[in-house]
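Below: one structure, written as structure tokens.
For clarity, every value in this text was computed on a predicted model and none was experimentally measured. Values below: all heavy atoms of this structure, side chains included; hydrogens, waters and symmetry mates excluded.
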Amino acid sequence: MTQSRALACFACDPAGSRGRRHPEPEAPTRSAFQRDRDRVIHSTAFRRLVYKTQVFLNHEGDLFRTRLTHSLEVAQLGRSIARSLQLNEDLVEAIALAHDLGHTPFGHAGQDALDASIRNCHSDSRPADADGWGFEHNLQSLRVVDELEERYPAFDGLNLCFETREGILKHCSRTNAQRLESQEPDGVASRFLRGSSPSLEAQLCNLADEIAYNAHDVDDGVRSGLLTMEQLEEVELFDHYRREALTAHPMLAGRRLLFESIRLMLSDQVYDVIATTRARIADAGVDGPDAVRASPPLVAFSEDMRERSRTLKTFLFRNLYRHPQVMETTNRARRVVADLFDRYLSAPEELPEAHGRRQHLPRAVADYIAGMTDRFAIREHERLFGAVLFP
């Protein structure tokens, strides 16, 4: 079964999928990629995203984005662009909904703290990170769908299709790619060693992720009071659409002006990606998914939009992500993750039994912490240390 709209020759057709690691009979009413999407939505890791930080902690306000709402926005943008390009919308949606399943509590602060902890822990003067992986949230997302979810009797993980797993692994260090390749030859990590590209659907999700978080971080930044409309007037990309909104609606102000500016910015970025990608596909002359993988990346902004988007990203990094109030929260979040890691490593009896008896304890601890929501990690830290870091 395929999607109702015709697919372009360079799109991923589920009938031509490289399949699942554990063979299964096809579903009678759903394509392979629709089935992947449904498995992601029903997973435990997906539900946890509702209480995982995007920029602002869950308890800081009910209307800030979480990892769940971010993933939904990426999926919506991805499907809109995929439809215009005649790509596989179901595959795009499956990748978008799954791409952050391995993210730690507290966003990138939690990821950095967990990576530092697992790399720095020692036992008997020997690095305890004997498996050598460190912590990468994209790799962790793949671990979630390949190993950590426990839903099916015949296999660990969700047993997703190659194409979905390929899209989930957006980034991977060369060292970890070599390890993955040794376990799964010519698998999802091979492109990081060969310098080849993933499917167009995977490329699209990567860019939709960037478009989504730039836009909603502007919205959340203003809502939080850490950014002002006056500051944003200094950003050419945003101010262009703010002035366009005021030209059409001279009396517009406040949140309606913010929303309209963001809406116009999002729409123009979507149209830019569609037009640029169509032109690059035509120039490359690709006639199938294999030709896409042998070509340089094809889903892209125009050079002008790329530069303006980069300027907005730099502005957000300096004025929002490195704002003293955000950094203060970030530092407390790092402490929570680091403290929990150290305690579980020294007292594995504090772990759930299934984690505590695993052969490689540091990786078991990392998996357990990565699966926590913000509020569970905070409660666990208070239980184990008695310190209230997030009153």
Quiz item: Heavy-atom distance under 4.5 Å between the side chains of Phe64 and Thr69, does that happen here?
Solution: no
Quiz item: For Arg255, what residues pass the salt bridge (charged side-chain N to carboxylate O under 4.0 Å, His left out) criterion, not counting sequence neighbours?
Solution: Asp219
Quiz item: Can you name the salt bridge (charged side-chain N to carboxylate O under 4.0 Å, His left out) partners of Glu328, sequence neighbours left out?
Solution: Arg332
Quiz prompt | Interatomic distance, Glu307 atom CD to Met305 atom CE [nearest 0.5 angstrom] | solution = 12.0 Å
Quiz item: Is a side-chain donor or acceptor of Asp272 paired with a backbone partner of Asp268 at a separation under 3.5 angstrom?
Solution: no
Exercise. Give a yes-or-no answer on whether the side chains of Asp367 and Gln140 include a donor-acceptor pair shorter than 3.5 Å.
Key: yes
Quiz item: Would Arg79 and Asp90 pass as an ion pair if we require N to O under 4.0 Å?
Solution: yes
Self-check item: Any residue meeting salt bridge (charged side-chain N to carboxylate O under 4.0 Å, His left out) with Arg21, in chain and number order, not counting sequence neighbours
Solution: Asp146
Quiz item: Just checking, is any N or O donor in the side chain of Gln76 or Ser80 under 3.5 Å from an acceptor N or O on the other one?
Solution: yes
Exercise. Could you list all the ring-ring contact (aromatic ring centres under 6.0 Å, His included) pairs where at least one residue sits in residues 150-185, not counting sequence neighbours?
Key: His22-Phe155, Tyr152-Phe155
Exercise. Indicate yes or no for a side-chain donor-acceptor contact from Thr276 to the backbone of Val273 under 3.5 Å, with no hydrogens or angles considered.
Key: no
Quiz prompt | Carboxylate-amine/guanidinium contact Arg35 Glu24, below 4.0 Å | solution = yes
Self-check item: CD/Glu303: more than 12 non-hydrogen atoms of other groups inside 6.0 Å
Solution: no
Practice problem: Only pairs at least two apart or in different chains count here, so list each salt bridge (charged side-chain N to carboxylate O under 4.0 Å, His left out) that has a residue in residues 207-216. | Solution: Lys170-Asp209, Glu210-Arg306, Glu210-Lys313
Donor-acceptor list for residues 381-391 side chains, cut-off 3.5 Å, not counting sequence neighbours:
from   : atom 1 : to     : atom 2 : distance (Å)
His381 : NE2    : Asp339 : OD2    : 2.8
Arg383 : NE     : Glu380 : OE1    : 2.9
Arg383 : NH1    : Glu350 : OE1    : 3.3
Arg383 : NH2    : Glu350 : OE1    : 3.2
Arg383 : NH2    : Glu380 : OE2    : 3.0

Self-check item: Short side-chain to backbone donor-acceptor contact, Asp239 and Arg242, under 3.5 Å
Solution: no
Quiz item: With no hydrogens and no angle check, do the side chains of Glu163 and Ser17 hold a donor and an acceptor under 3.5 Å apart?
Solution: yes
Practice problem: Could you tell me whether the side chain of Thr66 reaches within less than 4.5 Å of the side chain of Leu49, counting heavy atoms only? | Solution: no
Quiz item: Could Glu184 and Arg165 be called an ion pair, given the rule that one side-chain N must be under 4.0 Å from one carboxylate O?
Solution: yes
Quiz item: Just wondering, do Leu226 and Gln325 contact through their side chains at under 4.5 Å, heavy atoms?
Solution: yes
Practice problem: Drop me the distance from Arg143's CZ to Asp156's CG, to the nearest 0.5 angstrom. | Solution: 11.0 Å
Quiz item: Do any N or O atoms from the side chain of Ser196 and from the backbone of Phe192 form a donor-acceptor pair under 3.5 angstrom?
Solution: no
Practice problem: Rounded to the nearest 0.5 Å, what's the gap from CG on Leu114 to CD1 on Ile369? Could you check? | Solution: 5.5 Å
Quiz prompt | Exercise: identify the closest heavy-atom pair between Leu340 and Ala377 | solution = CD1-O, 3.9 Å
Quiz item: Taking atom OG1 of Thr330 and atom CZ of Arg322, what is their separation to the nearest 0.5 Å?
Solution: 7.0 Å
Practice problem: Enter the distance from Leu237:CG to Asp304:CG here, rounded to the nearest 0.5 Å. | Solution: 9.0 Å
Quiz item: Is there a donor-acceptor pair closer than 3.5 Å between any side-chain N or O of Ser182 and the backbone N or O of Arg179?
Solution: yes
Exercise. Apply salt bridge (charged side-chain N to carboxylate O under 4.0 Å, His left out) to Glu136 and list each qualifying residue two or more places apart in sequence or on a separate chain.
Key: none
Quiz item: How many angstroms lie between atom SG of Cys172 and atom CG of Leu142, to the nearest 0.5 angstrom?
Solution: 8.5 Å
Quiz item: salt bridge (charged side-chain N to carboxylate O under 4.0 Å, His left out): which pairs involve residues 97-112, sequence neighbours left out?
Solution: Arg67-Asp100, Asp112-Arg334
Quiz item: If Ile, Leu, Val, Met, Phe, Trp and Tyr residues are connected whenever their side-chain heavy atoms lie under 4.5 Å apart, and connections chain through other members, are Leu193 and Leu180 in the same group?
Solution: no
Quiz prompt | Test item: Ser84 and Arg278 side chains (from C-beta on) under 4.5 Å apart, heavy atoms | solution = yes
Quiz prompt | Ionic contact status for Asp186 with Arg18, cut-off 4.0 Å | solution = yes
Quiz item: Considering all heavy atoms of both residues, which atom of Ser71 and which atom of Leu97 are nearest to each other, and what is their separation?
Solution: O-CD2, 4.0 Å
Practice problem: Return the minimal non-hydrogen interatomic distance between Ile81 and Val270, and the atom names on each side. | Solution: CG1-CG1, 3.7 Å
Distance-only criterion, 3.5 Å: show the donor-acceptor pairs between side-chain atoms of residues 284-301 and protein atoms not counting sequence neighbours.
from   : atom 1 : to     : atom 2 : distance (Å)
Arg293 : NE     : Glu166 : OE2    : 3.0
Arg293 : NH2    : Glu166 : OE1    : 2.8
Ser295 : OG     : Ala291 : O      : 2.8

Exercise. Report yes if the side chains of Ile211 and Leu266 come closer than 4.5 Å at any heavy-atom pair, otherwise no.
Key: yes
Exercise. Mind listing the closest non-hydrogen atom pair of Ala212 and Val74 along with its distance?
Key: CB-CG2, 3.8 Å
Quiz prompt | Electrostatic pair Asp36-Arg39, nearest N-O below 4.0 angstrom | solution = no
Quiz prompt | Which atom of Ala208 lies closest to which atom of Leu77, heavy atoms considered | solution = O-CD1, 4.0 Å
Quiz item: Has the side chain of Glu201 got a donor or acceptor atom that lies under 3.5 Å from a matching backbone atom of Ala11?
Solution: no
Practice problem: Taking the six-membered ring for Trp and the full ring for Phe, Tyr or His, determine whether the centres of Tyr368 and Tyr344 are under 6.0 Å apart. | Solution: yes
Quiz item: Side chains of Leu204 and Thr277: closer than 4.5 Å at any heavy-atom pair?
Solution: no
Self-check item: Exam field: side chain Gln111 to backbone His137, donor-acceptor pair closer than 3.5 Å
Solution: yes
Quiz item: Which atom pair, heavy atoms only, marks the closest approach of Pro362 to Leu345?
Solution: CG-CD1, 3.9 Å
Practice problem: Sequence neighbours left out, what passes ring pair (Phe, Tyr, Trp, His ring centres under 6.0 Å) with His216? Give chain and number order. | Solution: His70
Quiz item: Which residue pairs pass the ring-ring contact (aromatic ring centres under 6.0 Å, His included) test when at least one of the two sits in residues 223-265, sequence neighbours left out?
Solution: none
Exercise. Output yes when Arg65 and Glu73 qualify as a salt bridge under the 4.0 Å nitrogen-oxygen rule, no when they do not.
Key: yes
Quiz item: Below 4.5 Å, heavy atoms only, C-beta onward: do Thr104 and Thr53 meet side chain to side chain?
Solution: no
Quiz item: Can you tell me if Asn331 uses its side chain to pair, donor with acceptor, with the backbone of Met327 under 3.5 Å?
Solution: yes
Quiz item: Quick one: does Leu160's side chain get under 4.5 Å of Val40's, heavy atoms only?
Solution: yes
Quiz item: Hey, does the side chain of Ser346 reach the backbone of Asp342 with a donor-acceptor pair shorter than 3.5 angstrom?
Solution: yes
Quiz prompt | Those residues that, when tested against Phe33, pass ring pair (Phe, Tyr, Trp, His ring centres under 6.0 Å) (two or more places apart) | solution = none
Quiz item: Do the side chain of Glu26 and the main chain of Ala32 share a donor and acceptor less than 3.5 angstrom apart?
Solution: no
